[in-house]
Amino acid sequence: VSTVVEPVALRAALGHFATGVTVVTARDGAGAAFGTTANALTSVSLDPPLLLVCLRDASETLTALRASGRFAVNVLGAGQHELAGRFARRAAAGTWAGVAVRRAERDSTGGRCDGTDTAEPPLLEGALATLQCALHDVADGGDHRIVVGRVLAVEHPAEHREPLLFYRGSFAGLRPPEPRSRA
Ligand SMILES: Cc1cc2nc3c(=O)[nH]c(=O)nc-3n(C[C@H](O)[C@H](O)[C@H](O)COP(=O)(O)O)c2cc1C
């Protein structure tokens, strides 16, 4: 057992913990859109409804969501790895080119969104689920910030769709476990 854990070893060990894949989106104070692929997502509390996502200190999406106080978590489905790869690169002029986005159907009060709110984060068309959040807290997380969001509204399809997974450094898919043999 090593007492000095190298980043590469930590990443390799944690890579055995399979996760879903999300794109966290936000607008900055001027309304420009940002997005980052993130798998460090955890549900925190049901009442009040809270989740957390860990974003590295230098994240441009983090800067944007701190400015607007809003962000959205877009859970990616199977086949959306192109989006995951795109938002894992530093923001560039073409980052959002060809990405289908939409506005929220409902705001936190259940009313229809009128599209006049420039802080409203873009939602990715075709995402498995979306969770719109207000920034609740930002806590120290070493070289990352622990971003706690209060969930304002959720959208997800009624029918089952396969998720995109991340496992040991690669995108993966769901495969149901083998039926267990009876003892
Ligand atoms: C599958 C996957 C998961 C990732 N998860 C995170 C994460 O949870 N937090 C993070 O800060 N970066 C994560 N990254 C890296 C960011 O997506 C990448 O650094 C991105 O360019 C940052 O953009 P930003 O500056 O807008 O945050 C992940 C990348 C991949 C491919």
Side-chain angles (χ1 to χ4, degrees), residues 5-44 50-101 118-124 126-151 161-175:
V5 180
E6 297 294 335
V8 171
L10 180 58
R11 189 178 279 210
L14 281 173
H16 292 263
F17 183 62
T19 66
V21 182
T22 75
V23 176
V24 174
T25 54
R27 291 190 192 276
D28 65 12
F34 291 82
T36 187
T37 299
N39 68 339
L41 176 87
T42 304
S43 64
V44 173
L50 301 176
L51 58 74
L52 72 78
V53 60
C54 298
L55 297 179
R56 67 193 172 91
D57 274 334
S59 165
E60 293 184 281
T61 305
L62 174 65
T63 305
L65 71 84
R66 287 183 108 155
S68 64
R70 295 279 305 275
F71 65 96
V73 176
N74 301 265
V75 180
L76 298 186
Q80 291 188 300
H81 46 268
E82 192 277 329
L83 279 177
R86 178 188 290 246
F87 287 103
R89 290 187 285 274
R90 270 199 93 71
T95 297
W96 287 89
V99 177
V101 296
T118 53
E120 200 182 281
L123 305 181
L124 299 186
L128 254 195
T130 58
L131 301 102
Q132 298 165 60
C133 301
L135 185 56
H136 179 79
D137 200 6
V138 179
D140 175 45
D143 58 10
H144 282 53
R145 300 286 108 188
I146 301 166
V147 177
V148 182
R150 186 164 51 82
V151 183
R161 283 175 49 204
E162 295 281 307
L164 179 64
L165 302 184
F166 193 66
Y167 175 63
R168 296 186 65 196
S170 298
F171 295 117
L174 202 58
R175 196 174 53 213

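Both ligands and their constituent atoms are indexed starting at 1 by order of listing.
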Legend entry - For A139, all residues meeting side-chain contact (heavy atoms from CB on, under 4.5 Å), sequence neighbours excluded: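 By the side-chain contact (heavy atoms from CB on, under 4.5 Å) rule, A139 matches I146.
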Looking only at protein heavy atoms, which one is nearest to [atom], and how far off is it?
atom                    : value
atom 28 (C) of ligand 1 : T37 O, 3.3 Å
atom 23 (O) of ligand 1 : T36 OG1, 3.3 Å
atom 27 (O) of ligand 1 : S59 OG, 2.5 Å
atom 3 (C) of ligand 1  : N39 OD1, 3.6 Å
atom 25 (O) of ligand 1 : E60 N, 2.8 Å
atom 11 (O) of ligand 1 : R56 N, 2.9 Å
atom 21 (O) of ligand 1 : A88 O, 3.0 Å
atom 26 (O) of ligand 1 : T61 OG1, 2.7 Å

Inset, instruction - For F166, take its heavy atoms, then give the atoms of ligand 1 lying under 4.0 Å from any of them. - result: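 Atoms satisfying the 4.0 Å criterion: 1 (C).
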Legend entry - Ligand-side contact atoms (ligand 1) for residue partner R89, heavy atom cut-off under 4.0 Å: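 So the atoms of ligand 1 that pass are 21 (O).
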Legend entry - Nitrogen or oxygen atoms of A58 and ligand 1 under 3.5 Å apart: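 No.
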Legend entry - Under 3.5 Å: N/O of A40 near N/O of ligand 1: yes
Legend entry - Nearest neighbour of atom 10 (C) of ligand 1 from the list G141, C54, A38, on a heavy-atom basis: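 Among G141, C54, A38, the closest heavy atom to atom 10 (C) of ligand 1 belongs to C54.
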Legend entry - Mode of F87 contact toward ligand 1 - side chain, backbone, both, neither (heavy atoms, under 4.0 Å):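 Answer for F87: backbone.
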Which pair of heavy atoms, one from [X] and one from [Y], lies closest together, and at what distance?
X    : Y    : value
L174 : E162 : CB-OE1, 3.4 Å
G149 : C133 : CA-CB, 4.1 Å
L83  : T37  : O-OG1, 4.1 Å

Measure from the side-chain N and O atoms of [X] to the backbone N and O of [Y], and report whether any donor-acceptor pair falls under 3.5 Å.
X    : Y    : value
R27  : E120 : yes
S170 : F166 : no
R56  : D143 : no

Legend entry - L164 CG to T22 OG1 distance, which is reported to the nearest 0.5 Å: 10.5 Å
Inset, instruction - Would you please test W96 and F87 for ring-ring contact (aromatic ring centres under 6.0 Å, His included) and show each step? - result: CA-CA 9 Å; W96 287 89; F87 287 103; 4.8 Å; yes
Legend entry - Proximity flag G35 to ligand 1, non-hydrogen atoms under 4.0 Å: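 Right, G35 reaches ligand 1.
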Legend entry - A84 near ligand 1 by a heavy-atom separation under 4.0 Å: no
Which pairs of donor and acceptor atoms, one on a side chain in residues 70-78, lie under 3.5 Å apart (sequence neighbours left out)?
{"unit_1": "R70", "atom_1": "NH1", "unit_2": "D117", "atom_2": "OD2", "d": "3.3"}
{"unit_1": "N74", "atom_1": "OD1", "unit_2": "L124", "atom_2": "N", "d": "2.8"}
{"unit_1": "N74", "atom_1": "ND2", "unit_2": "V23", "atom_2": "O", "d": "2.9"}
{"unit_1": "N74", "atom_1": "ND2", "unit_2": "T25", "atom_2": "OG1", "d": "3.2"}

